[in-house]
2 protein chains.
Amino acid sequence: MRFLHTADWHIGKRLYNYGLEEEQEDAFRQILALAKQEKVDAIVLAGDIYDRALPNEQAVAMVNQMLQQVNLTAHFPLLAISGNHDSAIRLETGSPWFKATDFYLHTQLEQAFTPIELNDTQFFLLPYFEPFAARQYFKDDKLRTIAQAMPQVVAAMQAKFAPNKKHVLVAHFFAAGSQQSDSETKVTVGGLDAVPTDALAAFDYVALGHLHNETALHTARIKYSGSPLKFSVSEAQVQKGVWIVDTEPFHTEFLPLTPLRDVTEVTASFTELIDPNYYTKLDRNNFIAINLTDTKVIPNVMQELRQIYPYILSLTRENGREVTAVTAKKIRNLSPLTLLADFFKETTTQPLTAKQEKLAATALKIAEKDGD
Amino acid sequence: MRFLHTADWHIGKRLYNYGLEEEQEDAFRQILALAKQEKVDAIVLAGDIYDRALPNEQAVAMVNQMLQQVNLTAHFPLLAISGNHDSAIRLETGSPWFKATDFYLHTQLEQAFTPIELNDTQFFLLPYFEPFAARQYFKDDKLRTIAQAMPQVVAAMQAKFAPNKKHVLVAHFFAAGSQQSDSETKVTVGGLDAVPTDALAAFDYVALGHLHNETALHTARIKYSGSPLKFSVSEAQVQKGVWIVDTEPFHTEFLPLTPLRDVTEVTASFTELIDPNYYTKLDRNNFIAINLTDTKVIPNVMQELRQIYPYILSLTRENGREVTAVTAKKIRNLSPLTLLADFFKETTTQPLTAKQEKLAATALKIAEKDGD
């Protein structure tokens with residue numbers, strides 16, 4: 001059995017203010033091409049297909065197209081689960097019909113215990129679940145975290161193990177030892193606390209979703225595929241890709257994806273940044289996070305830089321901003337409205353309109369009253 | 001060929017402040033039972049499956065269950081289209097897989113011209129469409145309304161007519177001669193202007209959705225099924241049901257649905273309404289629109305009536321409300337905030353909380369300023 005392991009597509013996600021539709025479609029085409037090139041027997045998609053529980057129509061249309069292409073056009077069996085970003089209920093629409101063409105989409109905990117047999121392998125598709133679902137399913141009120149639930153989840157799966165088959169777990173959670181990046185949910189909320197990798201030793205392979213970097217775990221048989229795209233500046237240095245997994249003999253290989261528009265970081269002075277000798281050496285079609293080394297105020301800095309770099313993600317100051325005693329005193333004497341207007345202009349390059357200024361004044365008045 | 005014709009399920013709809021989940025599920029069970037009892041060969045669902053483009057998760061789960069029961073459990077072929085209340089894009093999720101079990105769900109105009117053949121009949125499933133879609137499809141910029149587009153739509157279908165087959169159109173629009181009730185979209189917007197029934201003469205039967213009363217048209221072969229439930233007080237007197245249609249020999253029969261909780265209207269005085277001799281003769285589990293004959297102010301009228309009638313939809317005054325010269329003068333002298341507080345208390349039976357009063361005062365202050 002040879003399969004492709006991917007996850008965390010997050011269709012509908014935006015990178016700062018930029019839509020990622022073209023990038024998502026390009027990455028998808030690469031994944032499909034790799035599946036064909038590697039002649040895999042199935043594609044595993046380990047959750048967070050959508051970026052949000054309530055995706056917009058464009059995202060819905062895109063996912064519908066992608067799943068159709070994988071399963072109905074290219075005829076790949078597809079093994080998928082819902083992640084914490086998906087709405088299990090919305091995602092499961094149509095799933096009872098999908099099975100007929102070997103598209104298995106599990107969105108409820110109880111479905112995880114019916115293995116899907118393909119060739120020499122039993123796949124256990126464990127969707128993202130909340131601890132309360134485990135408490136209900138196992139009738140055990142002590143299960144307060146995913147980590148606490150996993151021994152019982154694995155035991156229930158082991159009870160279904162066919163001895164002559166390989167056993168693959170597809171799951172979406174935070175496994176111990178992983179390093180988180182900025183583009184996952186930052187807070188380790190209820191269900192997202194770490195599952196120790198020991199708890200997963202029963203499986204020949206564990207195909208994980210949730211963390212966006214494949215480097216998050218360094219284990220031979222328990223792996224994150226990571227997201228197909230870089231979803232934050234903290235991922236600028238990460239190589240994105242998919243795993244190709246062979247069950248017999250066991251073998252894994254990470255195949256890279258080439259971003260249509262990469263996420264990069266530059267650290268330079270304003271003078272350098274606007275110098276053709278500097279910027280013609282960069283791929284300015286990339287998304288760029290600029291780290292400015294200047295400390296002085298630069299008028300219209302964003303407007304100036306955007307004319308050269310069309311996809312600026314963020315502008316930070318490597319060395320902070322110079323504030324002289326005079327400036328500080330001056331700032332302290334400005335009214336909140338003037339400060340807001342200055343900040344607005346600096347950030348958006350546009351002054352407040354008369355209407356915006358009126359609104360801001362009213363809001364500040366209310367805020368001041370609330371402070372009383 | 002014998003089929004059941006229903007439409008306008010509007011899953012997720014609320015009647016005033018009341019959820020209709022139980023009523024929807026009960027009506028669905030009756031429809032499915034009628035399909036079995038009448039041994040139909042297919043079920044036709046002529047649009048507005050959902051009440052809104054963005055249904056909540058509960059509505060999604062309910063529709064998923066219903067479609068699964070009809071097609072996968074009871075094995076009825078299902079012929080469905082999207083209506084103006086559905087999101088075509090969201091609704092079509094899964095549809096490429098549905099065909100394998102004779103569930104045909106058309107959401108795009110171009111799909112209407114590929115007939116679905118079942119037994120002796122060709123079904124043309126025409127989803128609700130906007131005039132711009134017709135302009136694009138027919139490359140004819142003169143098509144500004146559905147009515148203008150229909151001759152070309154019908155001609156394109158007739159080009160696909162198999163001569164030895166019956167021809168049934170499933171569609172969702174306002175056909176001429178129909179009488180609208182309150183629970184449809186009230187405004188005759190762009191695409192909803194009337195299609196003359198002559199334009200539909202080519203078909204052996206036209207299964208329509210959009211208007212909620214089957215009495216909206218009185219033609220032998222062009223019919224609205226109406227909604228399975230009463231969705232407004234104006235439908236209080238309407239019998240809800242489904243059509244059973246035989247193609248050969250042609251025959252139609254309207255089979256009634258019995259509401260779990262009916263929508264009724266009563267006109268009476270307050271004294272009557274709170275008299276056990278009066279109200280014990282009514283089914284007080286019904287939704288009730290009360291038309292009060294009194295003209296005097298009745299303190300806490302809603303609170304009093306709700307103790308007897310748990311499902312009051314509305315309270316109107318048959319003869320208006322008595323306003324003496326003194327009262328009128330008194331009212332004119334009250335502050336907007338006092339008037340709002342009185343109205344709030346009369347409507348909700350609760351006084352404004354301190355927080356609500358503060359909010360209201362702020363809002364009124366802003367409103368007054370805006371009026372300047």
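Labels below follow one simple rule: chain letters A, B, ... track the order of the sequence lines, proteins then strands, and each chain is numbered from 1.
Interatomic distance, I366(A) CD1 to I366(B) CD1, rounded to the nearest 0.5 Å: 4.0 Å. One distance of note links NZ of K365(B) with NZ of K365(A); it measures 11.0 Å at 0.5 Å rounding. Atom CG of residue L54(A) and atom CG of residue L54(B) lie 4.5 Å apart, to the nearest 0.5 angstrom. Expressed to the nearest 0.5 Å, how far CD of E92(A) lies from OG1 of T93(B) amounts to 12.5 Å.
Looking at every heavy atom in both residues, R90(A) comes nearest to E57(B) through NH2-N, 3.7 Å. In this structure, W97(A) and L72(B) approach most closely via the heavy-atom pair NE1-CD2, 3.6 Å.
Remark: R135(A) CZ is packed, more than 12 non-hydrogen atoms of other residues, nucleotides or ligands lying under 6.0 Å away. Surrounding CD of E22(B) are at most 12 heavy atoms belonging to other residues, nucleotides or ligands under 6.0 Å away. Counted within 6.0 Å of OH on Y18(B), heavy atoms from surrounding residues, nucleotides or ligands total more than 12; the atom is thus considered enclosed.
Contacts between A100(A) and chain B at a heavy-atom distance below 4.5 Å are absent for every atom of the residue. Only the side chain of T101(A) has a heavy atom closer than 4.5 Å to any heavy atom of chain B.
Each of N71(B), V60(B), N64(B), V63(B) has some count of heavy-atom pairs under 4.5 Å with chain A, and the biggest count is that of N64(B).
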